[in-house]
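One structure is given below, encoded as structure tokens.
It should be emphasised that the depicted structure is a prediction, and the values quoted were computed from it without experimental measurement. Residue numbers start from 1 in every chain, and the chains themselves are labelled A, B, ... in the order their sequence lines are given, proteins ahead of strands.
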There are 2 protein chains.
Amino acid sequence: MKERTDWPPELKKTKQREEIYRILELAEKPLSVNEIYVRIDRALCQKYHVAVSTVYRIMFAFEKHHLVIKSTLMGDETALYEMNRGGHKHYAICLKCHKLVPLEMCPFEKVQIQTKDNDFTITSHKIEIYGYCKVCQNNLQKQGEDK
Amino acid sequence: MKERTDWPPELKKTKQREEIYRILELAEKPLSVNEIYVRIDRALCQKYHVAVSTVYRIMFAFEKHHLVIKSTLMGDETALYEMNRGGHKHYAICLKCHKLVPLEMCPFEKVQIQTKDNDFTITSHKIEIYGYCKVCQNNLQKQGEDK
DNA sequence: ATCAGTGCAAACGATTTGCACCTCG
DNA sequence: CGAGGTGCAAATCGTTTGCACTGAT
């Protein structure tokens with residue numbers, strides 16, 4: 001099964017792009033441009049500098065070539081990017097610690113979506129689940145008992 | 001069945017707030033702050049002026065009191081507000097004309113969401129469906145034939 | 001009279017762009 | 001060599017905030 005993470009031939013290779021690609025590959029979660037920017041500087045240790053605007057431009061190019069997936073979370077205006085690893089993924093977001101908990105499967109696999117006249121052709125979807133992760137849940141409970 | 005659209009007593013009534021409330025009641029779709037701003041000016045016809053910052057502050061207050069629901073759509077950073085009419089609603093968004101087509105029901109009513117250890121307590125969710133509405137679908141088809 | 005609500009302009013943070021220079025292919 | 005990529009700084013866009021003033025209760 002071929003992953004979708006191969007480099008598109010029409011995308012010129014530069015050290016900046018390869019560095020960002022590497023960072024996204026290693027990322028444990030979707031990253032903001034600023035997080036990427038910081039990780040570049042950390043990885044490059046002054047060898048050379050990458051401009052923020054370059055990061056934006058590269059993310060734009062990556063997105064266009066479907067190398068990455070862009071998303072935004074509720075109550076936050078900054079965009080997040082993660083490597084497009086084929087089969088799509090959804091997250092549950094903890095309202096307290098903001099941790100992202102990946103869902104095991106896409107809940108839509110089993111669902112039919114209905115509009116008024118069923119005249120809408122679906123090409124993609126986005127789901128965000130909000131609530132509390134186990135840790136925060138336990139903490140909240142404890143706080144309730146401590147009184 | 002009581003609607004959630006009654007005015008919270010702790011929210012002072014002012015002409016600005018009442019005007020915005022009216023606009024949201026009449027709105028056929030979620031509105032951006034700017035759209036609200038334009039509609040106010042149109043409705044008030046120079047009688048007096050409402051500042052953009054005021055609109056933001058009022059939307060913040062309305063949101064806090066659950067009078068409105070705030071949301072953001074993919075590929076657009078501006079926030080949208082719609083009157084909270086109780087039972088929540090989702091939309092299918094046309095990628096071509098950007099029309100919002102309301103879903104008949106929440107697809108999650110029938111679905112179980114699973115995280116790794118099922119240790120996540122869900123309090124809310126957000127769904128966005130993307131694709132093509134009937135009109136745009138037909139247009140695309142026609143374009144295909146015309147050659 | 002009091003305190004929340006408002007207008008205005010300035011501040012802000014994320015993202016974009018214009019332009020000169022650089023580098024991959 | 002030439003087109004496309006990059007760095008830098010300035011511009012833009014949505015949103016927020018400080019402050020003095022106004023208005024609802």
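- In this structure, Y56(B) does not reach the dT16(D) phosphate: none of its side-chain N or O atoms is under 4.0 Å from OP1 or OP2.
- Remark: the T78(B) side chain and the dC13(D) base include no donor-acceptor N/O pair separated by less than 3.5 Å.
- Between T14(B) and F60(B), the residue whose closest nucleotide on DNA chain D is further toward the 5' end is F60(B).
- The CH2-C1' distance, from W7(A) to dG25(C), rounds to 14 Å in whole Å.
- Atom pair I36(B):CD1 and dG14(D):P shows a separation of 14 Å (rounding to whole Å applied).
- No more than 12 heavy-atom neighbours from other residues, nucleotides or ligands sit within 6.0 angstrom of NZ on K134(B).
- For the OP1/OP2 pair of dG7(D) and a distance below 4.0 Å, the side-chain nitrogens and oxygens of Q16(A) include at least one atom meeting the criterion.
- Annotation: K29(A), atom NZ; neighbour count of heavy atoms from other residues, nucleotides and ligands within 6.0 Å is above 12.
- The CG atom of L11(B) sits 13 Å away from the C1' atom of dA24(D) (whole-angstrom rounding).
- Residues R39(B) and E28(B) are paired through a salt bridge, judged by an N-O separation under 4.0 Å between the basic side chain and the carboxylate.
- Residue T54(A) places at least one side-chain N or O closer than 4.0 Å to OP1 or OP2 of dG7(D).
- Look at CZ on F62(A): it is 12 Å from C1' on dG5(D), rounded to the nearest Å.
- Interface remark: the R57(B) side chain does form a donor-acceptor pair with the dG18(D) base, using a distance-only criterion of under 3.5 Å.
- Spacing between atom OH of Y81(A) and atom C1' of dA14(C) amounts to 10 Å, rounded to whole angstrom units.
- Nucleic acid contact class of A79(B) (heavy atoms, under 4.0 Å, all strands): sugar-phosphate only.
- Taking the nucleotide of DNA chain D with the nearest heavy atom to each of E77(B) and K13(B), the more 5' of the two is matched to E77(B).
- In this structure, E10(A) atom CD and dG5(D) atom P are separated by 11 Å, rounded to whole Å.
- The side chain of K12(B) has dA24(D) as its nearest neighbour among dT15(C), dG14(D), dA24(D).
- Under a hydrophobic-cluster definition in which Ile, Leu, Val, Met, Phe, Trp and Tyr are linked whenever side-chain heavy atoms come within less than 4.5 Å, directly or via other members, I69(B) and L100(B) are assigned to different clusters.
- Comment: E19(A) engages R22(A) in a salt bridge, judged by a side-chain N to carboxylate O separation of less than 4.0 angstrom.
- Between E35(B) atom CD and dG14(D) atom P there is a gap of 11 Å when expressed in whole angstrom units.
- What separates NZ of K15(A) from P of dT23(C) is a distance of 6 Å, to the nearest Å.
- In this structure, R17(B) and S53(B) both approach DNA chain C, and ranking their closest nucleotides by distance from the 5' end singles out R17(B).
- At a threshold of 4.0 angstrom between heavy atoms, the contacts of V50(A) are confined to the sugar-phosphate backbone, with no base atom among them.
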